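Starting from 1, each residue takes its place in the sequence as its number. Not measured: the values here are computed from a predicted model.
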Amino acid sequence: SEHRRVNCLLLLLCRGGREGRDVQGAFFVNKIGPGVDEPPLAEGDIAVRTDNKNADPCTSRGCLWNKWTDGKVYIPYYIANHYSSRERDIIVRGLESFSGVSCIRFRPYQNGDYEWLSIESGDGCWSYVGRQGGSQTVSLSRQGCLYHGTVQHELLHALGFNHEQTRSDRDTQQHNVSVPSADMKYNFNKIATLNQGTSYDYGSVMQYHRYAFSKNGLPTMVPIPNNNVSFGEATQMSRNDIDRLNRLYKCCEAASPSE
């Protein structure tokens with residue numbers, strides 16, 4: 001179909017024929033419109049609730065997952081059984097990577113859990129931003145999404161983070177990006193993001209590549225003042241990603257009672 005052809009072109013542009021860009025390319029496997037029983041998407045991979053026409057920046061409501069009395073944030077997950085053992089291992093590795101650097105603890109779903117992440121091979125790679133309540137889908141398609149950085153990227157969305165290029169302070173940082181493609185600017189609108197006092201990070205796993213959403217092969221993002229800076233090639237969370245995660249969930253502070 002035309003939608004599938006466009007997606008393949010986006011995937012090739014993002015990969016750029018260079019090793020290390022596959023992770024970023026995976027972010028653009030998504031098709032243009034939602035599939036059956038799948039939500040509309042903003043910015044390529046952010047699921048939008050049908051009762052909210054805009055991508056929720058996770059600042060207008062209680063979108064964080066609850067911290068327990070031991071200071072940990074336990075988030076149940078269920079991995080659909082259509083993944084192979086190798087594919088499941090990639091997903092589990094991504095889930096477990098958070099426990100070594102933060103107070104986030106993803107754990108398997110148990111009877112009685114009232115909210116959890118349902119990890120499924122849907123149409124592309126996508127996630128809601130922040131805690132939604134109940135069963136919350138994180139889509140990691142078997143065709144193009146099973147990379148360590150991609151798993152971390154979508155999980156960071158579920159934890160409340162948006163893309164680096166939509167940071168609210170993007171234009172006030174000494175190092176930031178300009179968006180020269182007028183017809184694609186809506187994918188880069190600045191929103192009320194959870195920056196947690198950290199600076200703009202070209203190495204963030206939440207930063208898209210310079211050709212993201214390009215229709216003509218030209219860059220859609222240009223770093224300034226040095227347009228030769230590499231960005232959008234992260235294969236795992238950066239130090240800044242980890243730092244802002246710990247700040248957002250107050251991982252280094254005294255535990256508070258769970259709700």
Side-chain angles (χ1 to χ4, degrees), residues 14-16 18-28 30 42-46 55-59 63-64 93-95 97-98 100-104 125-130 138 140 145 147-179 184 187-214 219-249 251:
C14 292
R15 288 181 173 175
R18 290 178 55 186
E19 184 178 0
R21 292 191 184 178
D22 285 350
V23 168
Q24 295 301 322
F27 298 156
F28 297 92
N30 305 302
E43 301 171 35
D45 74 330
I46 295 178
D56 192 332
C58 195
T59 56
C63 69
L64 301 187
R93 177 177 173 241
L95 290 161
S97 67
F98 286 81
V101 296
S102 73
C103 58
I104 304 299
C125 330
W126 54 263
S127 173
Y128 291 92
V129 174
V138 173
L140 293 170
C145 299
Y147 298 91
H148 184 63
T150 307
V151 175
Q152 289 184 332
H153 180 106
E154 300 306 337
L155 292 175
L156 281 170
H157 278 320
L159 287 165
F161 291 96
N162 281 272
H163 296 128
E164 193 73 2
Q165 67 269 9
T166 62
R167 282 176 61 122
S168 54
D169 62 350
R170 182 183 69 205
D171 296 335
T172 63
Q173 296 282 333
Q174 180 180 1
H175 301 288
N176 50 59
V177 294
S178 64
V179 185
M184 288 287 106
N187 284 304
F188 305 95
N189 289 338
K190 291 182 295 182
I191 58 177
T193 49
L194 300 171
N195 304 323
Q196 301 302 297
T198 61
S199 60
Y200 197 98
D201 184 12
Y202 291 131
S204 170
V205 78
M206 305 307 285
Q207 170 69 56
Y208 273 175
H209 196 265
R210 68 176 65 228
Y211 296 99
F213 303 104
S214 177
T220 51
M221 289 180 283
V222 177
I224 52 180
N226 182 2
N227 61 14
N228 292 318
V229 172
S230 296
F231 65 97
E233 298 182 355
T235 57
Q236 62 183 353
M237 290 187 290
S238 69
R239 287 188 177 182
N240 262 339
D241 290 326
I242 293 169
D243 186 21
R244 64 180 64 129
L245 174 62
N246 281 291
R247 293 187 188 191
L248 179 62
Y249 281 91
C251 290

Exercise. Stepwise, does the side chain to side chain contact (heavy atoms under 4.5 Å, CB included) test hold for Ser102 with Met237?
Worked result: CA-CA 12 Å; Ser102 73; Met237 290 187 290; over 6 Å; no
Seminar exercise, completed: Interatomic distance, CG@Leu64 vs CG@Leu248, rounded to 0.5 Å, equals 4.5 Å
For this session: Would you give the length of the straight line joining atom CD of Glu154 to atom SG of Cys145, rounded to the nearest 0.5 angstrom?
Result: 7.0 Å
Exercise. What's the verdict on side chain to side chain contact (heavy atoms under 4.5 Å, CB included) for His157 and Ile46, showing C-alpha distance, side-chain angles and the deciding distance?
Worked result: CA-CA 8 Å; His157 278 320; Ile46 295 178; 3.8 Å; yes
Problem set entry | Side-chain donor-acceptor pair present, Asp201, Ser238, cut-off under 3.5 Å | yes
Problem set entry | Side-chain donor-acceptor pair present, Gln236, Ser97, cut-off under 3.5 Å | no
Problem set entry | Test side chain to side chain contact (heavy atoms under 4.5 Å, CB included) applied to Tyr202 and Asn240, step by step | CA-CA 10 Å; Tyr202 291 131; Asn240 262 339; over 6 Å; no
Exercise. Which residue, Glu164, His209, Gln207, forms the side chain to side chain contact (heavy atoms under 4.5 Å, CB included) with Phe231?
Worked result: Gln207
Tell me the closest heavy-atom pair linking [X] and [Y], and the distance in Å.
X	Y	value
Ala234	Ser204	CB-O, 3.7 Å
Tyr249	Leu159	OH-O, 2.8 Å
Thr235	His148	O-CD2, 4.0 Å
Gln152	Gly94	CG-O, 4.5 Å
Val138	Ser127	CG2-OG, 3.9 Å

Exercise. Going by an N to O cut-off under 4.0 Å, is there a salt bridge joining Asp243 and Arg239?
Worked result: no
Report yes or no: does [X] contribute a side-chain atom to a donor-acceptor pair with the main-chain N or O of [Y] at less than 3.5 Å?
X	Y	answer
Asp241	Val205	yes
Tyr208	Glu43	yes
Asn246	Val101	yes
Arg167	Ser199	yes

For this session: Give the C-alpha distance, both sets of side-chain angles, the deciding distance and a yes or no for side chain to side chain contact (heavy atoms under 4.5 Å, CB included) between Asp45 and His163.
Result: CA-CA 10 Å; Asp45 74 330; His163 296 128; 2.8 Å; yes
